[in-house]
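Please read through the structure below; I'll follow up with questions.
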Amino acid sequence: EEIKYLYQNKKDLYLVTNGNYQRQLNKIKSLKIEKYFKKIHILDDKKKMKPSILSVRKLKQLCGHKNSVMVGDSIIDKKFASNLSVDYIRFINDF
């Protein structure tokens, strides 16, 4: 619901996830959320996975021009946000 709300309020959303490309893509498609994101980055090269920003340099440029926030659920996500120079909000999945 939060993603849908942000999307409806004209926020630019980007998804960055680590893991096997096909497996992550299948998860995204099964959740039917791809339509909400301006760009989806699936990082499966171990040298370029989060918290590294090597694969998403353009995203860092975009974040630098806007008031941006990273929402994540791990210490890796928090480090990734720091590397992007954006604020971090921890999402707790209690399902």
Side-chain angles (χ1 to χ4, degrees):
E1 292 302 313
E2 289 84 2
I3 292 171
K4 188 176 180 181
Y5 173 82
L6 292 168
Y7 177 80
Q8 289 172 339
N9 284 280
K10 309 290 188 222
K11 302 298 180 185
D12 291 341
L13 302 174
Y14 300 89
L15 175 63
V16 182
T17 184
N18 286 345
N20 174 275
Y21 182 86
Q22 196 57 52
R23 186 176 308 132
Q24 295 301 87
L25 186 60
N26 289 341
K27 288 180 190 178
I28 293 163
K29 286 183 177 182
S30 71
L31 291 169
K32 298 179 177 153
I33 59 172
E34 64 269 22
K35 65 184 175 188
Y36 298 115
F37 294 95
K38 192 166 189 166
K39 178 82 171 144
I40 296 174
H41 299 274
I42 300 174
L43 310 179
D44 63 356
D45 179 341
K46 295 211 184 279
K47 294 177 184 173
K48 296 181 180 178
M49 287 180 154
K50 294 184 294 184
S52 170
I53 60 169
L54 291 175
S55 294
V56 292
R57 285 192 177 132
K58 187 172 182 177
L59 182 60
K60 179 166 174 59
Q61 292 171 344
L62 291 171
C63 291
H65 298 296
K66 297 182 180 181
N67 186 9
S68 302
V69 64
M70 163 78 183
V71 178
D73 63 358
S74 70
I75 192 70
I76 290 171
D77 290 336
K78 187 175 183 177
K79 289 178 183 176
F80 181 69
S82 177
N83 290 343
L84 282 174
S85 301
V86 299
D87 291 332
Y88 174 77
I89 296 174
R90 183 171 176 225
F91 173 79
I92 299 172
N93 185 352
D94 60 356
F95 297 106

Check: For the atom pair CG (Asp45) and OG (Ser52), what is the distance rounded to the nearest 0.5 Å?
Finding: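 Reported to 0.5 Å precision, the distance equals 9.0 Å.
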Check: Distance-only, no hydrogens or angles: does the Asn18 side chain make a donor-acceptor pair with backbone N or O of Lys50 under 3.5 Å?
Finding: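 Side chain of Asn18 to backbone of Lys50, a donor-acceptor pair under 3.5 Å: yes, one is there.
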Checklist line | Nearest-0.5 Å distance, CZ of residue Arg23 to CG of residue Asp44 | finding: 10.5 Å
Item checked: ILVMFWY network linking Leu31 to Tyr5, side-chain heavy atoms under 4.5 angstrom -> yes
Notebook entry, point to check: Phe37 and Leu59: same hydrophobic cluster, using ILVMFWY side-chain contacts below 4.5 Å?
Noted result: no
Notebook entry, point to check: How many angstroms lie between CZ in Arg90 and NZ in Lys78, if you round to the nearest 0.5 Å?
Noted result: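 Rounded to the nearest 0.5 Å, the CZ-NZ separation comes to 9.5 Å.
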Check: Say you draw a straight line from CG of Leu43 to CE of Met49; how long is it, rounded to the nearest 0.5 Å?
Finding: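 Output value for this atom pair is 7.0 Å.
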Checklist line | Side-chain heavy atoms of Val56 within contact of Tyr14, under 4.5 Å | finding: no
Notebook entry, point to check: Can Ile53 be reached from Val86 by stepping across I, L, V, M, F, W or Y side chains whose heavy atoms are under 4.5 Å apart?
Noted result: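 Cluster IDs for Val86 and Ile53 match.
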Checklist line | For the student: nearest non-hydrogen atoms of Pro51 and Lys79, plus distance | finding: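 Looks like CB-CB, 3.6 Å.
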Check: So, does Asn9 use its side chain to make a donor-acceptor pair with the main chain of Lys11 at under 3.5 Å?
Finding: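 No; zero donor-acceptor contacts below 3.5 Å.
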Margin query: Would you compute the distance between atom NZ of Lys27 and atom CG of Asn20 and round it to the nearest 0.5 angstrom?
Written below: 9.0 Å
Item checked: Hydrophobic cluster (4.5 angstrom, side-chain heavy atoms) - remaining members for Ile92 ->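 Hydrophobic cluster check, Ile92: no partners found.
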Note to self: Show, in sequence, the C-alpha distance, side-chain angles and deciding distance for Ile42 and Leu25, and conclude whether the side-chain contact (heavy atoms from CB on, under 4.5 Å) test is met.
What the structure shows: CA-CA 8 Å; Ile42 300 174; Leu25 186 60; 4.0 Å; yes
Next item on the list: Could you tell me which residues satisfy ring pair (Phe, Tyr, Trp, His ring centres under 6.0 Å) with Tyr36, sequence neighbours excluded, listed by chain and number?
Entry: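 Partners of Tyr36 by the ring pair (Phe, Tyr, Trp, His ring centres under 6.0 Å) criterion, ordered by chain and then number, come out as Tyr7.
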Check: At their closest point, which heavy atom of Tyr88 faces which heavy atom of Ala81, and how far apart are they?
Finding: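 Answer, listing the atom of Tyr88 first, then Ala81: CB-CB, 3.8 Å.
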Margin query: Count I, L, V, M, F, W, Y as connected when their side-chain heavy atoms are under 4.5 Å apart, and connections chain through other members. Are Leu13 and Ile33 then in the same cluster?
Written below: yes
Next item on the list: Give, for atom NZ of Lys29 and atom CD of Gln22, the distance between the pair rounded to the nearest 0.5 Å.
Entry: 7.0 Å
Next item on the list: For Leu6, look at atom CG and say whether over 12 heavy atoms of other residues, nucleotides or ligands are found less than 6.0 Å away.
Entry: yes
Next item on the list: Treating Ile, Leu, Val, Met, Phe, Trp and Tyr as nodes and any side-chain heavy-atom pair under 4.5 angstrom as an edge, say whether Val16 and Leu54 lie in one connected cluster.
Entry: no
Next item on the list: Before giving the answer on side-chain contact (heavy atoms from CB on, under 4.5 Å), spell out for Asp77 and Met70 the whole-Å C-alpha distance, their side-chain angles and the decisive distance to 0.1 Å.
Entry: CA-CA 8 Å; Asp77 290 336; Met70 163 78 183; 3.6 Å; yes
